[in-house]
Number of protein chains: 2
Amino acid sequence: MLPMKSRYALKALVHLARFGGDAPVPVSAIAQAETIPAKFLEAILLELRNAGILASRRGKGGGYTLLLTPEKIGLGNMIRLLSGPLAPLPCLSKTAYHRCPECVDEGTCAVRLLMAESHAAMLASLDQTTLADLVRRIERAAGWGFKDIASCI
Amino acid sequence: MLPMKSRYALKALVHLARFGGDAPVPVSAIAQAETIPAKFLEAILLELRNAGILASRRGKGGGYTLLLTPEKIGLGNMIRLLSGPLAPLPCLSKTAYHRCPECVDEGTCAVRLLMAESHAAMLASLDQTTLADLVRRIERAAGWGFKDIASCI
DNA sequence: CTTAAACCCTAGCATACAGGTAGACTATCA
DNA sequence: TGATAGTCTACCTGTATGCTAGGGTTTAAG
């Protein structure tokens, strides 16, 4: 399961991309619109700011804005940033590879051979999708009315 | 990350399919060959037996055997059985669907739209692979010598 | 200059799950 | 009858998740 932290972050980024122009959006506004616990979201947005994805302004009239354009925000890396490696096995991780200590022979490991294919597909999907792509997908789904998820891919 | 429970189970099943003929294989033998903690593996094999995938014989000369042929053991369901749903979101689960309580509109949910594609790919891979397929893949990898994981898919 | 809005930062906390371990009991075979 | 091997119950420890509390600090507006 994708942790709530990453889910909330995704929703918040999409919210900023869609509704936040140049004016900063306060945490409370995002929290309310997306039904996310405000204090928790605060911590998440702070992490994104420290990672250089968001900019913040303090004080009255403050809030968060995107620091990068949506085209430059890769969602695979977003999730990695907040919730660690995407791989189902340490020995399949692109960014945090390490051998499984119990594995007798990595080359013929059943688990690795089973998971490799689907993990590659997942990487291909997540690492090539940007925030801009996702927003487009959402607006198509919203415009068309929702019928089938297959039509939104 | 795929839990150790499922990883151990996969290795044990492959071991049984490859090296266990009609004669029962004791837990200790599998545990040693695959470097799995014996008592933990015991519990796992018991679950597989209760699920109707393995048969057991007690006492001296006892052990576990496959109850189903490897062609009939689907690995997606295997993992579901031991570690719960495969889906990254409750609202994408084929076998355990339920709405995310915080989701404003499922049809235009950013997280769902992002994960749907890669999850579908994962299902396509795991739910169509049987134990027999995996064993074939392993023997090809073993026979050819390991060069690149891509050549083993 | 005060007040209210907002981010910043540190702590803590309840629950659940992962990944086991221990030990007694029972069945089977030589 | 002893050794082997599955069955069952119980427990345990560490770590992660998903938050909440509460203070501090900055900023803008009145």
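Numbers restart at 1 for each chain; the letters A, B, ... are given by sequence-line order, proteins then strands. All figures in this text were calculated on a predicted structure; none of them were measured in a lab.
- In this structure, the CD atom of A/E47 is 12 Å from the P atom of C/dC9, given to the nearest Å.
- The separation between A/L54 atom CG and C/dA6 atom C1' is 15 Å, rounded to whole Å.
- A/K5 has its NZ atom 10 Å from the C1' atom of D/dG18, to the nearest Å.
- The hydrophobic cluster containing B/L68 also contains B/L46, counting ILVMFWY residues as joined when their side-chain heavy atoms lie under 4.5 angstrom apart, directly or transitively.
- If you take CE of A/M1 and P of C/dC17, they are 11 Å apart, rounded to a whole angstrom.
- Closest-nucleotide positions on DNA chain D for A/G61 and A/Y8 were compared, and the one nearer the 5' end corresponds to A/Y8.
- As rounded to whole Å, 12 Å separates atom P of C/dA18 from atom CZ of B/R7.
- Evaluation of the side-chain contact (heavy atoms from CB on, under 4.5 Å) rule for B/E34 yields B/K11, B/H15, B/I30, B/I36 as partners, not counting sequence neighbours.
- Within 6.0 Å of CZ on B/R18 lie more than 12 heavy atoms contributed by other residues, nucleotides or ligands.
- The distance from the OG1 atom of B/T130 to the NZ atom of B/K72 is 11.5 Å, given to the nearest 0.5 Å.
- A side-chain contact (heavy atoms from CB on, under 4.5 Å) with A/I53 is found for one member of A/L45, A/N77, A/I73 and no other, namely A/I73.
- Here C/dA22 presents its P atom at 15 Å from CZ of B/F40, a figure rounded to the nearest Å.
- Rounded to whole Å, atom P of C/dA18 lies 17 Å from atom CD1 of B/I36.
- Summarising the geometry, the separation between CD1 on A/I79 and C1' on D/dT17 is reported as 17 Å, rounded to the nearest angstrom.
- Contact record, A/I138 with B/T108: CG2-O, 3.8 Å, taken as the closest heavy-atom pair.
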All N/O pairs under 3.5 Å across the protein-nucleotides 6-15 of chain D interface:
{"residue": "D/dG6", "atom": "OP1", "partner": "B/V27", "partner atom": "N", "Å": "3.0"}
{"residue": "D/dG6", "atom": "N2", "partner": "B/R58", "partner atom": "NH2", "Å": "3.4"}
{"residue": "D/dT7", "atom": "OP1", "partner": "B/R49", "partner atom": "NH1", "Å": "2.6"}
{"residue": "D/dT7", "atom": "OP1", "partner": "B/S56", "partner atom": "OG", "Å": "2.8"}
{"residue": "D/dT7", "atom": "OP2", "partner": "B/Y64", "partner atom": "OH", "Å": "2.4"}
{"residue": "D/dT7", "atom": "O4", "partner": "B/E42", "partner atom": "OE2", "Å": "3.4"}

